[in-house]
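Letters A, B, ... mirror the listed sequences (proteins, then strands); counts begin at 1. All values reported here derive from a predicted model rather than from experimental measurement.
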There are 2 protein chains.
Amino acid sequence: MARLPVYLRALHSLQDRGIATVSSEELAAAAGVNSAKLRKDLSHLGSYGTRGVGYEVEYLIYQISRELGLTQDWVVAIIGVGNLGRALAGYGGFASRGFRMASLLDADPRLVGERIAGIDVEHIDRLETVIAEHGVSIAVIATPAVAAQEVCDRVVASGVTSVLNFAPIVLSVPDGVDVRKVDLSIELQILAFHEQRKAGGPMGEQVEREYVEAVEL
Amino acid sequence: MARLPVYLRALHSLQDRGIATVSSEELAAAAGVNSAKLRKDLSHLGSYGTRGVGYEVEYLIYQISRELGLTQDWVVAIIGVGNLGRALAGYGGFASRGFRMASLLDADPRLVGERIAGIDVEHIDRLETVIAEHGVSIAVIATPAVAAQEVCDRVVASGVTSVLNFAPIVLSVPDGVDVRKVDLSIELQILAFHEQRKAGGPMGEQVEREYVEAVEL
DNA sequence: AAGGCCTTGTGAACGAGTGCACAAAGTCGC
DNA sequence: GCGACTTTGTGCACTCGTTCACAAGGCCTT
Ligand SMILES: NC(=O)c1ccc[n+]([C@@H]2O[C@H](COP(=O)([O-])OP(=O)(O)OC[C@H]3O[C@@H](n4cnc5c(N)ncnc54)[C@H](O)[C@@H]3O)[C@@H](O)[C@H]2O)c1
Ligand SMILES: NC(=O)c1ccc[n+]([C@@H]2O[C@H](COP(=O)([O-])OP(=O)(O)OC[C@H]3O[C@@H](n4cnc5c(N)ncnc54)[C@H](O)[C@@H]3O)[C@@H](O)[C@H]2O)c1
């Protein structure tokens, strides 16, 4: 379930405040979901709650972490060390969740050898070697869109089966490989869509005329 | 619909290649969805296809853009000019979709006055003034988590009703305000979850013993 | 020890979204 | 013009996730 990480974050926050036990109602509020949904989600992992009391925060953190596979370390490589890749490399929120940034790769020779967040940038030619040596299991693609598919093909050929893609294209991969896409431009477009709705929305004929005019220019 | 921006991107790509007409089958493949779903989505905007032929790329681009509100310009402010805020500010993919980065705000006095991507960073104290002056309609929050709720409250109080949040917390906002969350850490956790599944998954008793040991340490 | 109180876990109803399959509708060749 | 072909638009069945509501179960007070 995609909501487990959200619960986990809420639980950590509770733990930091010294809270040992939490009811489904409270946790649901902190995570921004319905309490019945939360209980059903948690019941899929097993019966880890106590009726009349709630859930023990520490134990639940452990159970969710285990379910998500966070009790082991994941080795991550970032490909494309531009604006975005740099920001990701320097972000501390990953390491604390068991994601180890093992390698930074880029095609630009001027970047190769530069040290970012304690890691030396290597040349993309060494992709296959680096993946094998570090045992990379998750690849983050932060190259321009034109290079993304090629890079993706290469990491998949090297045995990586989980890809996080920031480039604005649909990657095609064989079965068995998971790709998740983060497209910030799409997020903004969805906000704009709702914003427009609030303001009254499109207006039929008048808009149609605008199109005809625009095409005629 | 959240898929419209994906279709739009695929259509632009087709247009760049000089393709004037596309069938639902082809477009669906390019967008990575089922063709029936695509047709149903498009039919919600009206009947813009021609049976036996397909959809006219240019006209469809216009219709989707209009539906999404991209025929008008949206004014965006970025709050928190750290690693991430900087990457966003310099990204060209927003301007080309009608999103104008109008303002960068930060609490750090050392950053105030610095020029990033052609925009002077201003102090967060001027938030309300800046929002009013530029007519900001979308706020992007890229501050640390602890500051995010306070910043959010202030932009909402200033009349902004669309927020894109990168901080790893659940923001609470009044009705009528849209918040979209981008949480990269969650994306990685979801990948790890599936990766673990492929590798065999958690293993009952043995894991339980591990927990007991971990707690006893 | 027993009853009241609180919270979990879940059965069942509901609703949204998906995919199939086909009729309607338009094009193109003859 | 007319018929064969192509592709859209959509009715329908179905699956999946959500939500309500409540019985089952454990704790705490008396
Ligand atoms: N910066 C943002 O805020 C932002 C927002 C949304 C999407 N994106 C997307 O993320 C991607 C990266 O964005 P960015 O702003 O960091 O771009 P960038 O141009 O700053 O960085 C891209 C990096 O990729 C490297 N590169 C190019 N081809 C490569 C290859 N074949 N192999 C390895 N490395 C290669 C380049 O040398 C460069 O360092 C782009 O696809 C962009 O569309 C970025
Ligand atoms: N960098 C990443 O790759 C990444 C990934 C996932 C999530 N995030 C999240 O995005 C947010 C920003 O990340 P970052 O790496 O850019 O952090 P950062 O520390 O580099 O930048 C944060 C910036 O916010 C400013 N700031 C602090 N308090 C403020 C306030 N009250 N008002 C205005 N500005 C304020 C700081 O001065 C700083 O410049 C964080 O919440 C982080 O958890 C970042």
Answer yes or no: side-chain N or O of A:Lys37 and base N or O of D:dG17 forming a donor-acceptor pair under 3.5 Å.
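Looking at the base of D:dG17, it does not pair with any donor or acceptor on the side chain of A:Lys37 (distance under 3.5 Å).
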
Donor-acceptor pair under 3.5 Å: do we get one between A:Lys40's side chain and the base of D:dT19?
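Present.
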
Taking side-chain hydrogen bond (donor to acceptor under 3.5 Å, both in side chains) as the test, write out the residues that go with A:Arg154, two or more places apart.
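Partners of A:Arg154 by the side-chain hydrogen bond (donor to acceptor under 3.5 Å, both in side chains) criterion, ordered by chain and then number, come out as A:Glu128.
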
Give the rounded distance in Å between these two atoms: [atom1] of [X] and [atom2] of [N].
{"X": "B:Met1", "N": "C:dT18", "atom1": "CE", "atom2": "P", "result": "7 Å"}
{"X": "A:Leu60", "N": "C:dG9", "atom1": "CG", "atom2": "C1'", "result": "14 Å"}
{"X": "A:Asp41", "N": "D:dT18", "atom1": "CG", "atom2": "P", "result": "7 Å"}

Looking only at the aromatic ring of each residue, does the gap between the centers of A:Tyr59 and A:Tyr62 stay below 6.0 angstrom?
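A:Tyr62 vs A:Tyr59: aromatic centres not under 6.0 Å.
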
First of B:Gly49 and A:Arg3 reached from the 5' end of DNA chain D, by closest nucleotide:
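The residue whose closest nucleotide sits nearer the 5' end is B:Gly49.
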
Could you check A:Val75, A:Leu105, A:Val160 and say which one makes a side-chain contact (heavy atoms from CB on, under 4.5 Å) with A:Ile131?
A:Val160

Closest nucleotide among D:dC27, D:dT18, D:dA21 to the A:Ala36 side chain
D:dA21

Counting only side-chain heavy atoms from C-beta out, which of C:dG9, C:dA24, D:dT10 sits nearest to B:Arg51?
C:dA24

Would one find more than 12 heavy atoms of other residues, nucleotides or ligands at under 6.0 Å from atom CZ of B:Arg3?
yes

Looking across every strand, which nucleic acid part, if any, lies under 4.0 Å from B:Ser35 by heavy atom: base, sugar-phosphate, or nothing?
nothing

